[in-house]
Amino acid sequence: MKTLYVKFIVITIGMMFISFLLAFVISNTYYQQKLKPYNDNKNTKVALDIAAFAESHPTISLTEYLDSITKVGYQICLVDTNGNRTFFGEPFRNKSLSISTQQDVINGHIFHGILQFPQGKFVTGFFANELNNTIGVPLKYNGETFALFIRPDIKFLFNEMHILFAWILGIAITLTIIMVVINTKYLVKPISNLTKATKSLANGNFNVELDVTRHDEIGELSHSFLRMARKLEQMDDMRKEFISNISHDIQSPLSNIKGYSSLLETDSISKEERSQYVSIINSEIKRLSTLTKQLLLLASLDRNEDIMKKKTFNLGLQLKKLVQNYQWAVSDKEIMLSYSLPDIEIIGDPSLLNTVWDNLLSNAIKYNKQNGSIEISIDKKEETVIVTFEDTGIGMNDPELERIFERFYRADKARTRTIEGTGLGLSIVKTIIDLHSGRINVRSNQNEGTTFIVELPIR
Ligand code: ADP
């Protein structure tokens, strides 16, 4: 049984067969327990009536009378005192019957052959065309005693109605088998289609077509499969874009470094030019180093859980230390930095969360205007802590806002061209906050400023 299709058909037909078998066994038991005694009783009465009629009408011909009885559906055997047997009607298939039985009946006993007929597994006892399977009664005719053995003629039982029922049963079974074969195909075909689609997906072809009009479990499965295929396609696109972005972001500083280092080799350049080139090379190296660090961090964040080393720490204190580290950059741009950082203890990974605040604060400085301002605050709200970074920088428009958490996304190149960055910072921020089961929201107005609001569970 290789395919589901064959399995299904074999199992269904097997089940039908078992049901028939069970029904047969049950009806046989019913026949043995109830119908057999009833049948025996009924035929004994008929036999006694025949014998009584023959006895009370000595003038009629016994042979003709018995012959006429066979016409209404009986098989008859008449035995005289000498053991001579005369048969009337359809012949018996098996004519064996013990002499003692025949003698017993002549002596006045009734023979209940139908009741005593050995139990078969099936209802065959009813159909057995044997002399043993008869009712025997004594028959007195013109002073002579006979033994009369009768049983119903099975051929008579199979009348038009029975043939009709047999046809109905036969047609029903054939039609059921045909329908099982067709219906199974209808059921199994979508699964074969799904298998084909899976194979094509495995070969990198995401453009799979499936019938999703069905409203059953298979329709649902096809739906989910298509959703998965679209998601995989998106992820594949993202992966390709990611690789091309990384290649570009690594390639451009490398070619700058290559270009400026060959310039350094020329003798004709002035001292000022030399130091300018060295500083460009240094800043490109710094950019490459930041990029690789961020990529490594993202890769380990993507690999999940284990990277988190949670413990209780003072969030206010952590932010104050960070602010101190950025003092020089703040004063360099003459930014007014104010904060309200009360001591609040939370449970989280201090190192990863420091990366979050570092990114948000460095962005607030980077994308701020000369003489702008930054405000950092912590608020406790029930079981969460809310950290806000508000700046009066260049801000962003709505379409830009929607994309800032994407990897490598940098808003409006014209405005941020001169500002260093990789476009990875905020995607790292978002991933770390997600890992802490927190939330991040942004409000921004172009040329007015931006506010990042981070909400974290305290424990
Ligand atoms: P980048 O390395 O470019 O700073 P980020 O992922 O940190 O990368 O930020 C993505 C983009 O979001 C930035 O390029 C910038 O355009 C925009 N952005 C982030 N923070 C701010 C901010 N405080 N004010 C204005 N724009 C911002």
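Atoms within each ligand, like the ligands themselves, are counted from 1 in listed order.
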**Student:** With nothing but distance in play, are any N or O atoms of Gly395 less than 3.5 Å from an N or O of ligand 1?
**Tutor:** no
**Student:** Can you tell which of Val442, Leu401, Leu426 gets a heavy atom nearest to atom 5 (P) of ligand 1?
**Tutor:** Leu426
**Student:** For Arg410, take its heavy atoms, then give the atoms of ligand 1 lying under 4.0 Å from any of them.
**Tutor:** 1 (P), 3 (O), 14 (O)
**Student:** Do the numbers put Arg439 on top of the ring of Phe405, so that NZ or CZ is under 6.0 Å from the six-membered ring centre and no more than 45° off the axis?
**Tutor:** no
**Student:** Quick one: does Gly425 get an N or O within less than 3.5 Å of an N or O on ligand 1?
**Tutor:** yes
**Student:** Considering both backbone and side-chain atoms of Ile404, is one of its nitrogen or oxygen atoms within less than 3.5 Å of a nitrogen or oxygen in ligand 1?
**Tutor:** no
**Student:** Of Thr70, Asn133, Asn129, which meets side chain to side chain donor-acceptor pair (under 3.5 Å) against Gln75?
**Tutor:** Asn129
**Student:** May I ask you to check if ligand 1 and Thr422 share an N or O to N or O distance below 3.5 Å?
**Tutor:** yes
**Student:** Side chains of Lys42 and Pro152: closer than 4.5 Å at any heavy-atom pair?
**Tutor:** no
**Student:** For Phe117, is the NZ or CZ atom of Lys36 found under 6.0 angstrom from the centre of its six-membered ring and inside 45 degrees of the ring axis?
**Tutor:** no
**Student:** Does a donor on one side chain and an acceptor on the other come within less than 3.5 Å for Asn39 and Asn43?
**Tutor:** yes
**Student:** For Tyr409, take its heavy atoms, then give the atoms of ligand 1 lying under 4.0 Å from any of them.
**Tutor:** 10 (C), 11 (C)
**Student:** With backbone taken as N, CA, C and O and side chain as the heavy atoms from C-beta onward, which portion of Thr450 lies under 4.0 Å from ligand 1: side chain, backbone, both, or neither?
**Tutor:** side chain
**Student:** Between Thr431, Val429, Val387, which is the residue that forms a side-chain contact (heavy atoms from CB on, under 4.5 Å) with Val356?
**Tutor:** Val429
**Student:** Return a yes/no value for Asn363: is any of its N or O atoms, backbone included, closer than 3.5 angstrom to an N or O of ligand 1?
**Tutor:** yes
**Student:** Counting each atom of ligand 1 from 1 as listed, which ones have a heavy atom of Gly423 under 4.0 Å away?
**Tutor:** 1 (P), 2 (O), 3 (O), 6 (O), 8 (O)
**Student:** May I have the step-by-step check of side-chain hydrogen bond (donor to acceptor under 3.5 Å, both in side chains) for Asn245 and Asp249, ending in yes or no?
**Tutor:** CA-CA 6 Å; Asn245 278 329; Asp249 279 35; over 6 Å; no
**Student:** Counting heavy atoms only, which part of Lys366 comes closer than 4.0 Å to ligand 1: side chain, backbone, both or neither?
**Tutor:** side chain
**Student:** Checking the side chain of Asp391 only, and the main-chain atoms of Gly393 only, is there a donor and an acceptor separated by less than 3.5 Å?
**Tutor:** yes
**Student:** Strictly below 4.0 Å, N to O, side chains only: are Asp302 and Arg407 in salt-bridge contact?
**Tutor:** yes
**Student:** Could you go through the salt bridge (charged side-chain N to carboxylate O under 4.0 Å, His left out) check for Glu130 and Arg93 one step at a time?
**Tutor:** CA-CA 6 Å; Glu130 297 180 19; Arg93 194 176 52 78; 3.2 Å; yes
**Student:** For Met396, is at least one N or O under 3.5 Å away from an N or O on ligand 1?
**Tutor:** no
**Student:** I need the contact type for Phe389 against ligand 1. Using non-hydrogen atoms and a strict under-4.0 Å cut-off, is it side chain, backbone, both or neither?
**Tutor:** neither
**Student:** So, regarding Ser427 and ligand 1 (criterion: nitrogen or oxygen to nitrogen or oxygen, under 3.5 Å), is there a contact or not?
**Tutor:** no
**Student:** Applying a 4.0 Å heavy-atom criterion (strictly less than), which segment of Asp391 is in contact with ligand 1: side chain, backbone, both, or neither?
**Tutor:** side chain
